[in-house]
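Structure first, commentary second.
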Amino acid sequence: MTPVIGDIITNTVGKVVGKLADKYLPSTMGEKEKADFKLEAQKLAIEEYKCATADVQGARELAGKESDGAPGWTKVLTVTHRPVWSFLILGIFAWTVLAPYVGFPLIPLTEIHKDIMQTVIIFYFGGRSLEKAAGIVWGK
């Protein structure tokens, strides 16, 4: 792992493991045993994260192999559906903000519409950020 990202992951996992260990381990347990437990739990959590990331990468590779024999239009959909959907949602959001100022009709949005828009925006940008960070960490 790169030092910065590795430190962030280790520190975050370390804090969670430390709080859980302090709460659930018996007070009679020695400090050395607690420290060993925390270290092992941190190792397991980091290994789980690496396995989950590898599973996602494996699924992407499999999807890529499955699309090799597919028609061209399906390949276009595999790379454009997320950006197109996100830009559509951002366009609707921009319309709801700008329409009153330029005299265009408003699009009535309910709370569920707003929740869906927020979810799409969060997953698109959050997902891309995580993909890039994982790529930097594991050099892919």
**Report entry** Hydrophobic cluster identity match, Y49 and V56, side-chain contacts under 4.5 Å
**Finding:** no
Requested in this report: Flag the pair L90 / L88 as yes when at least one side-chain heavy-atom distance between them is below 4.5 Å, and no otherwise.
Outcome: no
Query raised in the report: Is there a side-chain contact between E47 and L44 (heavy atoms, below 4.5 Å)?
Result: no
Query raised in the report: Which pairs, with at least one residue in residues 94-111 and sequence neighbours excluded, count as a side-chain hydrogen bond (donor to acceptor under 3.5 Å, both in side chains)?
Result: T110-H113
Query raised in the report: Can you tell me how far OG1 of T53 sits from CD of E48, rounded to the nearest 0.5 angstrom?
Result: 9.5 Å
Query raised in the report: Going only through I, L, V, M, F, W and Y residues with side-chain contacts under 4.5 Å, is there a path from F93 to V84?
Result: no
Requested in this report: Could you tell me which non-hydrogen atom of P105 sits nearest to which non-hydrogen atom of A99, and how far apart they are?
Outcome: O-CB, 3.8 Å
**Report entry** Inter-residue atom distance I92.CD1 - I116.CD1, 0.5 Å rounding
**Finding:** 10.5 Å
Query raised in the report: Under 4.5 Å between side-chain heavy atoms, hopping through other hydrophobics if needed: is there a path connecting V102 to L106?
Result: no
